[in-house]
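Quick caveat: nothing in here was measured; it's all calculated off a predicted structure.
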Amino acid sequence: MNADTIAALSRPEFEQALRAKGQFYHIHHPYHKAMYSGQCTPEQIRGWVANRYYYQIQIPQKDAAIMANCPDPSVRRLWLQRILDHDGHDGDAGGIEAWLNLAEAVGLTREEVIDERHVLPGVRFAVDAYRNFARQASWQEAACSSLTELFAPEIHQSRLASWPQHYPWIDPAGYGYFRKRLSEARRDVEHGLTITLDFFVTGAQQNRALEILQFKLDILWSMLDALTMAYLHQTPPFHTVTDQAVWHRGL
């Protein structure tokens with residue numbers, strides 16, 4: 001079928017199609033299932049936190065790229081809040097600082113997280129692909145890629161509900177990021193969803209939006225695939241060519 005002949009969905013049907021992509025959200029990945037069911041070791045929790053930090057620090061850069069490509073000041077004013085949420089403002093240290101608090105709560109040092117020594121090549125590649133997409137795509141397409149936030153409140157709630165029970169060794173003070181994002185993600189998704197529903201109106205455009213959302217879901221899933229190899233299967237990058245568990249940039 002020619003892309004131009006794809007029948008357009010109604011607005012409610014299109015929204016439902018976007019939400020149906022939740023079946024591919026990384027909450028269903030075995031690594032995440034292991035985390036919220038209490039099956040992860042401290043090393044596996046720390047590996048996830050250290051690698052996810054690289055994703056966290058790229059979010060403001062991704063959002064800045066969207067703003068740079070957007071000529072609409074009304075959109076930019078609303079989108080700016082996402083950057084402030086992560087970088088901090090007016091007495092709010094921000095999400096990146098909250099993530100560093102989580103890192104310390106699970107037994108990592110700030111230094112080893114910030115210098116990215118634990119970031120796996122597969123994680124870096126996936127996150128960089130997301131950031132670069134936001135820079136190169138239209139601002140509407142990049143905004144659409146943020147719609148994995150549709151499913152984010154559930155994943156944050158699952159951590160808040162299960163981690164204190166299964167991992168009593170984690171300092172509860174580290175859970176601030178998850179609580180913070182419960183409300184922020186709901187607010188952000190309302191804006192991103194409106195942009196997507198307003199812009200992607202033809203059948204071809206809607207199909208493209210679904211492809212973009214799947215791309216972002218693939219990014220998140222691939223990050224956990226890399227962690228699975230390194231921390232569950234004990235086959236970190238280059239394990240066959242060195243006896244040193246070192247893979248960070250520059251070595």
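- Connection of Ile212 to Val75 is not established within any shared hydrophobic cluster, with ILVMFWY side chains joined at heavy-atom distances below 4.5 Å, either directly or through further cluster members.
- Linking ILVMFWY residues whenever their side-chain heavy atoms come closer than 4.5 Å, directly or via other members, places Leu232 and Leu220 in the same cluster.
- Partner of His86 under the side chain to side chain contact (heavy atoms under 4.5 Å, CB included) criterion, chosen from Arg181, Gln61, Lys62: Arg181.
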For this session: Check the pair Asn51 / Met223 against side chain to side chain contact (heavy atoms under 4.5 Å, CB included), numbers first and verdict last.
Result: CA-CA 8 Å; Asn51 276 270; Met223 291 169 62; over 6 Å; no

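- Ala105 approaches Gly174 most closely through the heavy-atom pair CB-CA, 3.6 Å.
- We find the CZ-OG distance between Phe199 and Ser138 to be 5.5 Å, quoted to the nearest 0.5 Å.
- In the hydrophobic clustering of ILVMFWY residues, with side-chain heavy atoms under 4.5 Å counting as a link, Ile27 and Val189 come out together.
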For this session: In sequence, state the C-alpha distance, the side-chain angles, and the governing distance for Val127 and Arg131, and then conclude on side chain to side chain contact (heavy atoms under 4.5 Å, CB included).
Result: CA-CA 6 Å; Val127 174; Arg131 184 197 61 220; 5.6 Å; no

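- For Ala129 against Phe215, the heavy-atom pair with the smallest separation is O-CZ, 3.9 Å.
- Under the 6.0 Å distance and 45° angle rule, Arg208 does not count as a cation-pi partner of Phe200.
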For this session: I would like to know whether Tyr31 and Asp225 meet side chain to side chain contact (heavy atoms under 4.5 Å, CB included); could you show each step before the answer?
Result: CA-CA 8 Å; Tyr31 200 103; Asp225 282 348; over 6 Å; no

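- Ion pairing between a basic and an acidic side chain is recognised when a charged N comes within 4.0 Å of a carboxylate O; Asp72 and Arg77 show no such pairing.
- Linking Ile, Leu, Val, Met, Phe, Trp and Tyr residues whenever their side-chain heavy atoms come within less than 4.5 Å leaves Leu84 and Tyr177 in two separate clusters.
- Residues Trp99 and Val49 form a side-chain contact, since some pair of their non-hydrogen atoms from C-beta on lies under 4.5 Å apart.
- A donor-acceptor contact shorter than 3.5 Å is absent between the side chain of Gln157 and the backbone of Pro153.
- For the salt bridge (Lys or Arg N to Asp or Glu O under 4.0 Å) test with Glu149, the passing option among Arg19, Arg187, Lys21, Arg82 is Arg82; the others fail.
- For the residue pair Glu154/Tyr25, the side-chain donor-acceptor check at 3.5 Å is not satisfied.
- Defined by atom type and a distance below 3.5 Å, a donor-acceptor pair is missing between the side-chain atoms of Thr41 and Glu43.
- In terms of heavy-atom proximity, Trp169 sits nearest to Val106 at CZ3-O, 3.3 Å.
- Interatomic distance, CE of Met229 versus OG1 of Thr235, reported as 3.0 Å (0.5 Å rounding).
- To the nearest 0.5 Å, atoms CD1 (Ile219) and CD (Gln214) are separated by 11.0 Å.
- Two rings, from His32 and Tyr36, have their centers less than 6.0 Å apart.
- Partner of Trp48 under the ring pair (Phe, Tyr, Trp, His ring centres under 6.0 Å) criterion, chosen from Tyr167, Tyr231, Trp163: Trp163.
- Residues Leu120 and Ala230 approach most closely at CD2-CB, 3.7 Å, considering heavy atoms.
- With hydrophobic clusters built from ILVMFWY side chains whose heavy atoms lie under 4.5 angstrom apart, Leu18 does not share a cluster with Trp221.
- Between Tyr55 and Tyr130, the ring planes are parallel. Angles under 30° get that label, and only those over 60° would be called perpendicular.
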For this session: Could you walk me through whether Asp85 and Lys180 pass side chain to side chain contact (heavy atoms under 4.5 Å, CB included), step by step?
Result: CA-CA 9 Å; Asp85 287 342; Lys180 190 174 190 294; 4.2 Å; yes

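- Heavy-atom neighbours of Gln23 CD from other residues, nucleotides or ligands within 6.0 Å: above the threshold of 12.
- To the nearest 0.5 Å, the span separating CG on Asp63 from SG on Cys70 amounts to 12.0 Å.
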